[in-house]
Amino acid sequence: MEDAARKKLEETTRWEPGETEARIFAGWMEGGYFHPEATGTADENYSVAIPPPNVTGVLHMGHALNGSMQDALVRMNRMSGKNTLWILGMDHAGIATQTVVEKRLKSEGISRHEIGREAFTERVWEWKEEFGGSIREQYQRLGASVDYERERFTLDDGYARAVRKIFTSLYEKGYIYRDHYMVNWDPGSQSAISDLEVVNEERTDTLYSVDYPVEGSDQVLTVATVRPETMMADTAVAVNPEDERYADLIGSHCILPLVGRRLLIIADDHVDIEFGTGALKITPGHDVNDFEIGRRHGLEEISVIGEDGRMTAMAGKRFEGMTVAEAQVEVVKALKEEGVLSGEEEYVHSVPFSERSGERIEPLISLQWFCRMEELAAPAIEAVKDGRVNISPGQWKGVYLDWMDNIRPWCVSRQLWWGHRIPVWYRGDETYVGETKPEGEGWIQDEDVLDTWFSSAIWPFATLGWPDDTAELKAFYPTDFLTTAREILFLWVARMIMTGIEFAGDVPFKDVYVHSVIQARDGRRMSKSLGTGIDPLGEIDEHGADALRFGLLAMSSTQDVRYSDPKVQQGRDLATKLWNASRLILLNTEDPADRTIPDQPIALEDRWILSRLESTIATVTRLINEYDFAHAAQELYSFVFSDLCDWYLEIAKPRIYDGDPEVARVLLGTLERTLALAHPVMPFVTEAIWEYHPYRDGHLVVHSFPRSESERISQSVETEVGEAIALTRKLRGWRDMAGVPPKILLQAKGDASTIPEFVARLGRVDIGAHKGEVVATVAGFGILASDELDMNAINERIAVRRGKIEAEIRKIEGKLGNQKFVDNAPAEVVAEEREKLEQLRRELDELG
RNA sequence: GGGCGGUUAGCUCAGUUGGAAGAGCACCUGCUUUACACGCAGGGGGUCACUGGUUCGAGCCCAGUACCGCCCA
């Protein structure tokens with residue numbers, strides 16, 4: 001090591017992420033390690049497509065978690081020698097982005113309608129150029145080893161061509177069609193939105209009872225509704241066919257109050273006999289269920305609410321132009337005037353809202369483009385059933401299949417300006433669907449754009465150059481795995497599987513891991529609007545990227561978890577620990593002539609740490625491959641803190657300071673393998689330490705990932721050292737109990753040659769053929785009386801200890817005295833209990 | 001309304017096929033031990049939500065109850 005480097009290492013007693021991370025990252029970028037050649041086949045290569053963050057986005061904790069998981073796997077595979085691509089990109093995020101830019105314009109006093117479509121989309125592009133880059137920087141801060149040179153955007157030219165081809169192809173296959181259908185109309189964004197973008201919330205409304213007179217009779221049918229303002233669009237009243245009260249009315253008519261229209265009384269199973277009076281007004285134009293009933297019975301579909309959220313002319317002169325809320329008040333007033341309002345009561349029910357705009361959804365019938373899903377779903381169901389796509393944890397497989405089995409048509413058109421314009425042109429009665437504008441004059445393109453998820457659905461292959469037959473596709477499709485939040489399992493994952501099979505000829509990934517949701521510290525959802533979000537960049541500033549990555553992986557789980565600051569701190573502690581342990585090793589060893597780890601180390605502790613190292617490598621690798629990141633992080637932590645630092649380094653210190661060449665080989669080799677093992681989780685600190693390592697011949701990011709050498713794992717060595725450690729702890733515990741200051745060396749009678757040397761040293765006991773009064777026996781060694789011993793404390797503690805052991809002995813004796821236990825339990829369990837009993841009795845004897 | 005998940009130490013979470021409950025943090029007691037106080041050593045702390053059942057034995061399996069959360073309608 002050069003003097004300057006040595007000096008720096010000597011002086012730096014902490015890992016300082018802030019000063020180092022950017023430099024380390026720049027080194028990786030310079031090396032071009034994240035930008036693989038498109039060579040080889042997808043089978044031999046490793047690839048991952050990042051869930052594209054929204055361009056509107058600021059990196060949030062979900063991205064950070066997802067990125068930490070994917071990067072761990074990507075780095076591990078890259079180090080394992082695979083040609084590895086992790087593709088980065090951004091989603092144009094139709095509604096979200098349009099909303100952001102509209103808000104901006106609004107603050108300048110401009111509406112998008114004033115400047116027009118072209119100027120507006122221009123503004124969005126400008127905005128994208130300005131802010132889109134920040135996502136990239138944020139991923140770099142996290143240390144994500146994505147291919148920054150292959151970045152894609154779901155609205156770039158090549159991608160747009162792929163989208164048009166998909167749409168056209170689906171149309172030609174007959175899956176895409178245009179229809180008047182009930183959609184979730186979002187008055188906020190002035191667009192239809194899909195079922196999946198609707199959130200239901202509990203609301204308390206008034207349930208009104210309205211009397212509908214039956215034609216040619218004195219009878220009235222009382223119907224209950226929370227939406228009296230839609231009654232002008234009623235076209236029937238329905239009762240349950242089993243409902244005897246109304247059996248004779250089926251087929252006759254009643255009269256719609258305020259309007260005077262004759263409404264047929266129909267029978268339909270959907271009607272709940274118990275609810276209200278058992279008679280349901282049917283409004284096919286403004287209610288999803290009523291729409292279904294209406295289609296079943298061939299009812300007329302009337303709209304009294306327009307796309308602007310105001311009452312139309314069909315609602316009648318008195319209500320035309322009113323907002324829905326105003327109309328409700330006025331309709332109730334009118335019903336009172338007519339004397340047909342027979343009841344009002346509070347009613348709690350769930351009401352649909354737009355996830356994006358937050359406004360109450362208005363179910364409307366409108367002309368939209370739809371995609372029929374059954375044919376696309378069938379092979380995607382098969383792929384998951386037969387395991388070509390593996391979804392874990394297992395319960396999500398069921399959720400996926402259940403949703404796919406009941407899949408409904410997908411409304412793919414959106415009344416927005418920002419997005420992929422639907423590739424359909426109209427001229428008079430003619431309709432043309434194609435990838436480019438048709439020949440001839442007078443063609444006008446459809447005004448709508450496609451649902452953002454329509455373009456996200458083809459992400460894994462569109463990013464690789466589909467529909468062209470590119471080297472990238474050949475080398476990296478299908479990808480290997482996907483981590484995702486469960487909320488987009490349907491919106492995104494399912495659709496990628498469908499389009500992947502249909503268009504790219506294979507499933508888009510082999511493994512889907514549905515990760516947990518990290519909640520805010522208080523258990524609420526992390527959300528910008530609630531102000532509960534925790535900024536990952538702030539956490540990185542404070543603790544370093546490695547700490548955040550470790551923390552997120554350590555707190556991740558299959559169930560939702562609260563954000564845990566202590567876990568991030570644990571990550572920071574681990575980084576510091578690695579740093580300092582490395583200082584001890586690197587500053588006190590000479591670069592050995594033989595850089596290999598000795599095959600047959602002489603020292604017991606050397607064989608022990610190498611055994612622990614190799615089994616940790618095996619365990620951590622397996623856990624990461626199983627996506628059990630939390631336990632992988634835990635294993636790393638306890639290996640470094642406990643095995644390596646608390647025990648091995650302490651045991652080996654005298655030899656280290658003596659310059660023992662064999663211990664140097666063990667230490668430097670162990671450090672090399674430990675750094676490489678930890679690198680996928682904590683890339684920065686490991687790379688920084690590697691810079692000081694004498695074996696370094698390039699960046700750690702492309703160093704080979706350790707493969708566990710199982711021949712070094714020795715159960716007998718681990719047991720032997722494990723027992724010696726337990727013994728050391730016993731001696732230390734006894735000392736502490738006896739109130740002996742750490743500086744005082746205790747004297748004990750015994751044969752020191754029966755135990756490893758370090759026991760007495762670390763236990764701070766002088767074991768030998770001493771003479772004197774034995775006051776206690778600890779693990780077979782007689783502690784000699786001395787002035788430092790607090791005999792009162794000792795006697796008190798011995799009494800407590802004895803009580804505990806005796807209780808335990810009684811418990812086990814009871815168990816072994818139970819004939820049923822002895823007869824039925826497996827022999828080894830019984831033997832274990834007997835062994836335990838023996839040990840406790842021995843311990844009791846020792847206490848004297 | 002249907003489905004899924006959760007309830008374990010003060011907090012956040014682990015807990016393999018049923019053999020007697022763990023981690024990190026917090027807490028208490030020591031320690032300026034020349035890698036690290038973001039450290040070291042030692043220690044206390046749990047009727048595993050509740051009620052039944054199966055079993056020699058249940059945090060784990062079965063049935064039910066309560067509360068919390070999520071998804072779908």
Side-chain angles (χ1 to χ4, degrees), chain A residues 9-10 12-16 195-196 198-200 272 275 288-289 349-350 352 393 395-396 398-400 402-403 406 408 486-487 489-490 516-517 519 521 523-525 543-544 547 551 554-588 628 630-631 633-635 637-638 641-642 644-646 649-650 653 656-657 728-743 762-764 793 797 808 811-812 814-826 828-830 832-833 836:
Chain A
L9 194 55
E10 275 171 357
T12 316
T13 61
R14 286 187 190 179
W15 161 240
E16 301 287 358
D195 292 341
L196 295 168
V198 173
V199 285
N200 290 292
D272 180 359
F275 183 79
V288 182
N289 290 317
H349 63 146
S350 79
Q395 74 246 35
W396 298 105
V399 173
Y400 167 93
D402 195 49
W403 187 75
N406 297 296
R408 293 164 41 111
R486 57 170 166 269
E487 62 194 27
L489 190 60
F490 307 141
S516 49
V517 174
Q519 300 167 333
R521 296 179 178 93
R524 287 189 293 168
R525 259 182 98 80
H543 308 291
M555 72 183 88
S556 73
S557 165
T558 53
Q559 65 159 322
D560 291 353
V561 288
R562 299 175 183 207
Y563 187 78
S564 162
D565 296 291
K567 284 287 195 297
V568 178
Q569 251 153 46
Q570 200 180 345
R572 186 196 54 181
D573 293 348
L574 178 57
T576 307
K577 196 70 170 173
L578 270 173
W579 178 259
N580 281 305
S582 302
R583 284 176 64 230
L584 172 68
I585 295 169
L586 296 168
L587 291 171
N588 293 288
D628 188 351
H631 287 108
Q634 184 55 45
E635 279 292 315
Y637 181 91
S638 70
F641 266 78
S642 177
L644 184 61
C645 294
D646 291 347
L649 291 181
E650 293 304 328
K653 261 179 188 173
I656 297 173
Y657 292 135
T728 308
R729 302 189 62 141
K730 220 173 209 175
L731 290 166
R732 283 170 170 173
W734 194 87
R735 156 194 295 277
D736 204 65
M737 168 201 72
V740 185
K743 280 190 172 166
L762 298 184
R764 298 202 48 75
R797 283 295 296 271
E808 188 70 13
K811 200 168 137 191
I812 296 179
K815 211 163 161 181
L816 288 169
N818 180 351
Q819 200 53 43
K820 283 181 177 172
F821 171 73
V822 179
D823 291 345
N824 292 317
E828 70 259 28
V829 173
V830 178
E832 229 170 79
E833 291 297 322
K836 221 187 293 178

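Every chain is numbered from 1, with letters handed out A, B, ... down the list of sequences.
- Atom name P, nucleotides B/rG22 and B/rU65: the rounded distance is 34 Å, in whole Å.
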Summarise protein proximity over nucleotides 8-19 of chain B in one line of letters, 5' to 3': B for base, S for sugar-phosphate only, - for none, counting protein heavy atoms closer than 4.0 Å.
----BSS----B

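- Distances shorter than 4.0 Å separate none of the side-chain N or O atoms of A/Lys577 from OP1 or OP2 on B/rA37.
- Nucleic acid contact class of A/Asp823 (heavy atoms, under 4.0 Å, all strands): none.
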Sugar-phosphate or base contact per nucleotide [nucleotides 43-49 of chain B; S, B, -; heavy atom under 4.0 Å]:
-S-----

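- Annotation: salt bridge (charged side-chain N to carboxylate O under 4.0 Å, His left out) contacts of A/Glu828 (sequence neighbours excluded): none.
- Applying the salt bridge (Lys or Arg N to Asp or Glu O under 4.0 Å) definition to pairs two or more places apart or across chains, those involving residues 555-564 of chain A are A/Arg486-A/Asp560.
- Side chains of A/Thr13 and A/Arg583 form a contact here, defined as non-hydrogen atoms less than 4.5 Å apart.
- Atom C1' of B/rC72 sits at a distance of 30 Å from the matching atom of B/rA14, rounded to the whole Å.
- Looking at heavy atoms from C-beta onward, A/Glu833 lies in side-chain contact with A/Phe821 at the 4.5 angstrom threshold.
- Applying the side chain to side chain contact (heavy atoms under 4.5 Å, CB included) rule to A/Glu635 yields the partners A/Thr619, A/Val620, A/Leu623; only residues at least two apart in sequence or on another chain are considered.
- Note on A/Lys811: only backbone sugar-phosphate atoms sit closer than 4.0 angstrom, heavy atoms only; bases stay farther off.
- Within 4.0 Å of A/Glu650, counting heavy atoms only, lies at least one base atom of the nucleic acid.
- For the P atoms, the distance from B/rC62 to B/rC25 is 35 Å, rounded to whole Å.
- Nucleotides B/rU8 and B/rG45, compared at atom C1', are 14 Å apart to the nearest Å.
- For the side chain to side chain donor-acceptor pair (under 3.5 Å) test, residues two or more places apart in sequence or in another chain that qualify with A/Lys653 are A/Glu650.
- Base contact: A/Arg572 has a heavy atom under 4.0 Å from a base atom.
- Qualifying side chain to side chain contact (heavy atoms under 4.5 Å, CB included) partners for A/Lys820, counting only residues two or more places apart in sequence or in other chains: A/Asn818, A/Asn824.
- Nucleotides B/rA21 and B/rA35 are separated by 35 Å at their C1' atoms, to the nearest Å.
- Both key distances under 3.5 Å define a Watson-Crick or G-U pair, and stretches of 3 or more such consecutive pairs in RNA chain B run B:1-7 with B:66-72, B:10-13 with B:22-25, B:27-31 with B:39-43, B:49-53 with B:61-65.
- Remark: A/Asp736 engages no residue in a side chain to side chain contact (heavy atoms under 4.5 Å, CB included) (not counting sequence neighbours).
- Partners of A/Lys730 according to the salt bridge (charged side-chain N to carboxylate O under 4.0 Å, His left out) rule, which considers only residues two or more places apart in sequence or in another chain, do not exist here.
- Atom name C1', nucleotides B/rG46 and B/rA9: the rounded distance is 5 Å, in whole Å.
- In this structure A/Ala738 satisfies the side chain to side chain contact (heavy atoms under 4.5 Å, CB included) test together with A/Trp734, A/Val740, A/Leu789, A/Ile794, sequence neighbours excluded.
- Identified under the salt bridge (Lys or Arg N to Asp or Glu O under 4.0 Å) test for residues 565-576 of chain A, with sequence neighbours left out: A/Arg521-A/Asp565.
- Residue contacts shown for A/Tyr400 are absent, as no nucleic acid heavy atom lies under 4.0 Å away.
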